[in-house]
Amino acid sequence: HKIMEQVNPKIIIATDNSDFRIRTIFLVAKRYNIPVYHITYGFIGYDCYEEKYMVADKKLVFSSNQKQLLNNYFGLKEESIQILGCPRFDKLFRLRKEKNNKLNDNFKVLLGSQPYSIGGYGSITREIKLIGIKNLFKTLETFPKKVKVIIKPHPDETSEEINEIKLLAYEFGINYEFISHIDFKNLINEIDLLVTFHSTLALEFIIIGIPVCYL
């Protein structure tokens, strides 16, 4: 209530999964008669309350397929869903056409890392995360080609977590490099495989035609 009173927004747009944070803001906003719109990023699960019991005035989706999914699985009204389009994904489809032969013979893996759960936030434990990365590095040891791992930490990963990955890479003799952001135009002809725990990166790499593996 304090947020609504202090900020006094004329409209609220959520561009995230419809978890309890978004749900709370939407419910309070409705009490103040503030219009709310929800843009679902990526695919949604059955635990998303905004899909099951919609509060938003409009749900804005990327495509007709996404609209059909929401209609089929959650029975939302046709008029409550509006197709917005997605410049980010449209750009990736165009970029896919530029994919040529690889620039070198090395097998390059992009590891899209994720933070482990701290204080209930996050969906994987430290043990599960480290076991997954160990298994990946063990597998890469057996590859006949030279392997390089490009590691993209999640913004919420701590320096301690990043150091743990570095130590594992050193332990298994992995040739690795850390990057701070994803540049699809540069990576499209470099990366052979994306490996992640759970990330929207998977959807983006599928779009540009690079195989994806989940740990």
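Given the structure is predicted, the values throughout are model-derived calculations rather than measurements. Index from 1, following the sequence.
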Check: Asp57 and Lys30 side chains under 4.5 Å, non-hydrogen atoms: yes
With Lys146 via side-chain contact (heavy atoms from CB on, under 4.5 Å) - residues at least two apart: Asn106
Side-chain touch Glu127/Tyr116, heavy atoms, less than 4.5 angstrom: no
Single-linkage hydrophobic cluster Val7~Val28, side-chain heavy atoms < 4.5 angstrom: no
Tyr170 atom OH, neighbour heavy-atom count above 12 within 6.0 Å: no
Electrostatic pair Lys129:Glu157 at N-O distance under 4.0 angstrom: yes
Point-to-point distance, once rounded to the nearest 0.5 Å, from CD1 of Ile191 to CG of Leu111: 10.5 Å
Backbone of Ile39 reached by a side-chain donor or acceptor of Lys58 within 3.5 Å: no
Nearest non-hydrogen partners of Leu76 and Asn71, listed with the distance: O-OD1, 2.8 Å
Interatomic distance, Lys185 atom NZ to Ile208 atom CD1 [nearest 0.5 angstrom]: 11.5 Å
Lys77 to Ser80 - nearest heavy-atom pair and separation: O-OG, 2.6 Å
Euclidean distance, Asp156 CG relative to Gln114 CD, rounded to 0.5 Å: 9.0 Å
Closest heavy-atom pair and its distance - His154, Ser113: CB-O, 3.5 Å
Worked verdict on Phe178 versus Ile165 for side-chain contact (heavy atoms from CB on, under 4.5 Å): CA-CA 10 Å; Phe178 277 84; Ile165 299 174; 4.2 Å; yes
Euclidean distance, Ile206 CD1 relative to Glu204 CD, rounded to 0.5 Å: 10.5 Å
Beyond-backbone contact of Phe26 with His38, side-chain heavy atoms, under 4.5 angstrom: yes
Distance (rounded to the nearest 0.5 Å) between Thr158 OG1 and Glu164 CD: 7.5 Å
Path from Ile162 to Ile128 over hydrophobic side-chain contacts below 4.5 Å: no
Ile131, CD1 atom: more than 12 neighbouring heavy atoms under 6.0 Å: yes
Lys/Arg N to Asp/Glu carboxylate O, Lys67 vs Glu78, below 4.0 Å: yes
Side chain to side chain, Leu69 and Phe74, heavy atoms closer than 4.5 Å: no
Cluster overlap Leu95 with Ile179, hydrophobic side-chain contacts below 4.5 Å: yes
Heavy-atom side-chain contact between Phe197 and Ile133 under 4.5 Å: yes
Backbone of Gln66 reached by a side-chain donor or acceptor of Ser63 within 3.5 Å: yes
Residues Lys152, Leu194; criterion side-chain contact (heavy atoms from CB on, under 4.5 Å); working and verdict: CA-CA 10 Å; Lys152 168 60 176 69; Leu194 169 71; over 6 Å; no
Connected via hydrophobic side-chain network under 4.5 Å: Leu203 and Val212: yes
Which atom of Pro211 lies closest to which atom of Asp192, heavy atoms considered: CD-O, 3.4 Å
Nearest-0.5 Å distance, CD of residue Glu177 to CG of residue Leu110: 10.5 Å
Derivation and outcome, side-chain contact (heavy atoms from CB on, under 4.5 Å), residues Ile182 and Leu187: CA-CA 8 Å; Ile182 298 291; Leu187 291 178; 4.1 Å; yes
Test item: side-chain donor near acceptor, Asn186 and Glu190, under 3.5 Å: no
Closest approach of Glu141 to Phe172 (non-hydrogen atoms, all atoms of both residues): OE2-O, 3.5 Å
Side-chain heavy atoms of Tyr214 within contact of Thr196, under 4.5 Å: yes
Closest heavy-atom pair and its distance - Ile188, Ile210: O-CD1, 4.0 Å
Side chain to side chain, Val147 and Ile174, heavy atoms closer than 4.5 Å: no
Close side-chain approach of Leu27 to Arg31, heavy-atom, < 4.5 Å: no
Mutual orientation of the aromatic rings belonging to His1 and Tyr32 [parallel < 30°, tilted 30-60°, perpendicular > 60°]: tilted
Joint hydrophobic cluster, Leu167 plus Ile151, side-chain heavy atoms closer than 4.5 Å: no
